[in-house]
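Proteins get letters first, then strands, A, B, ... in listed order; numbering begins at 1 in each.
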Amino acid sequence: AQKITQTQPGMFVQEKEAVTLDCTYDTSDPSYGLFWYKQPSSGEMIFLIYQGSYDQQNATEGRYSLNFQKARKSANLVISASQLGDSAMYFCAMREGPGGYNKLIFGAGTRLAVHP
Amino acid sequence: GAVVSQHPSRVICKSGTSVKIECRSLDFQATTMFWYRQFPKQSLMLMATSNEGSKATYEQGVEKDKFLINHASLTLSTLTVTSAHPEDSSFYICSASVTGRFPYEQYFGPGTRLTVT
């Protein structure tokens with residue numbers, strides 16, 4: 001079974017609008033972390049936001065927020081006020097276990113295109 | 001921030017030769033480093049996890065004799081693709097994490113594009 005599922009291969013959004021990128025996960029480990037990364041065409045992976053399994057509140061980082069619904073096992077990324085520079089691939093990833101030595105499992109990614 | 005560099009950024013080699021890719025953490029000590037492979041328009045696939053001073057742990061299906069990983073210091077890990085073939089052409093990305101630095105996100109290098117002719 002897929003551990004991380006991103007069901008949207010591609011998304012379009014108008015500049016200055018908000019967009020939600022979906023991510024669902026599957027784990028039986030009570031301690032896990034969820035990450036979102038952005039990958040522009042240059043290939044670098046840019047860390048955007050993190051949500052821990054025990055966090056009570058949804059994570060926010062500037063224009064990025066994470067809609068964490070633990071019971072549904074979803075961790076959707078919300079980008080507010082989209083900018084042209086937001087056009088990129090976005091990957092959701094999960095770390096099972098509490099430590100930094102634990103590997104990340106990536107979803108298939110969503111390609112976001114921001115239109116002027 | 002935490003900066004990870006990779007060298008070279010692009011490499012073209014002939015079939016049958018070996019290629020070494022370096023991954024360095026520039027401003028922190030990386031307890032654990034990871035190597036990923038990414039085919040065009042696909043996600044990152046973890047190849048192996050390496051901890052400084054110990055043997056790498058390879059993911060299922062990854063040939064350890066073909067993809068040699070050395071993590072000799074807390075700031076350097078190398079991936080050597082031995083006897084490269086055209087099917088090894090891919091984008092290779094390393095990442096590093098720091099024990100004790102919550103939330104333990106992985107810091108990624110800029111990637112190395114390998115083309116085997």
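Heavy-atom neighbours of A:Lys16 NZ from other residues, nucleotides or ligands within 6.0 Å: at or below the threshold of 12. Counting heavy-atom neighbours within 6.0 Å of A:Gln56 CD, excluding the residue itself, gives a total of 12 or less. Around atom NZ of B:Lys55, no more than 12 heavy atoms belonging to other residues, nucleotides or ligands sit under 6.0 Å away. Counting heavy atoms of neighbouring residues, nucleotides and ligands inside a 6.0 Å radius, atom CD1 of B:Ile12 does not exceed 12 of them. Summarising the local packing, NE2 of B:His85 is surrounded by more than 12 heavy atoms from other residues, nucleotides or ligands at distances under 6.0 Å.
Neither the backbone nor the side chain of B:Gln6 has a heavy atom closer than 4.5 Å to any heavy atom of chain A. Heavy atoms of B:Leu44 lying under 4.5 Å from chain A belong to its backbone as well as its side chain. Neither the backbone nor the side chain of A:Gln6 has a heavy atom closer than 4.5 Å to any heavy atom of chain B.
Side-chain atoms of B:Val4 and A:Met45, non-hydrogen and from C-beta on, never get closer than 4.5 Å to each other. Side-chain contact between A:Lys103 and B:Phe34: present, with at least one pair of heavy atoms (C-beta onward) separated by less than 4.5 Å. Residues B:Tyr36 and A:Phe106 have side chains in contact (heavy-atom distance under 4.5 Å, counting atoms from C-beta outward).
In terms of heavy atoms, B:Gln106 sits closest to A:Tyr37 at O-OH, 2.9 Å. Closest of all the heavy-atom pairs between B:Gln38 and A:Phe91 is NE2-CZ, 3.7 Å.
Cluster annotation: A:Met11 and A:Ile79 are assigned to the same hydrophobic cluster (Ile/Leu/Val/Met/Phe/Trp/Tyr, side-chain heavy-atom contacts under 4.5 Å, transitive). Under the 4.5 Å side-chain contact rule for hydrophobic residues, B:Leu74 and B:Leu79 do not share a cluster. Cluster membership check: B:Val19 shares its hydrophobic cluster with B:Ile69, using side-chain heavy-atom separations under 4.5 Å among Ile, Leu, Val, Met, Phe, Trp and Tyr.
Between the CD1 atom of A:Ile46 and the OH atom of B:Tyr107 there is a distance of 14.5 Å, given to the nearest 0.5 Å.
Put simply, of A:Gly33, A:Ala93, A:Gly43, A:Ser42, the one with the most heavy-atom pairs under 4.5 Å next to chain B is A:Gly43. Ranking B:Lys41, B:Glu59, B:Met33, B:Gln42 against chain A, the residue ahead of the rest is B:Glu59, based on heavy-atom pairs under 4.5 Å.
Here the side chain of B:Ser43 pairs no donor or acceptor atom with the backbone of A:Gly109 at under 3.5 angstrom.
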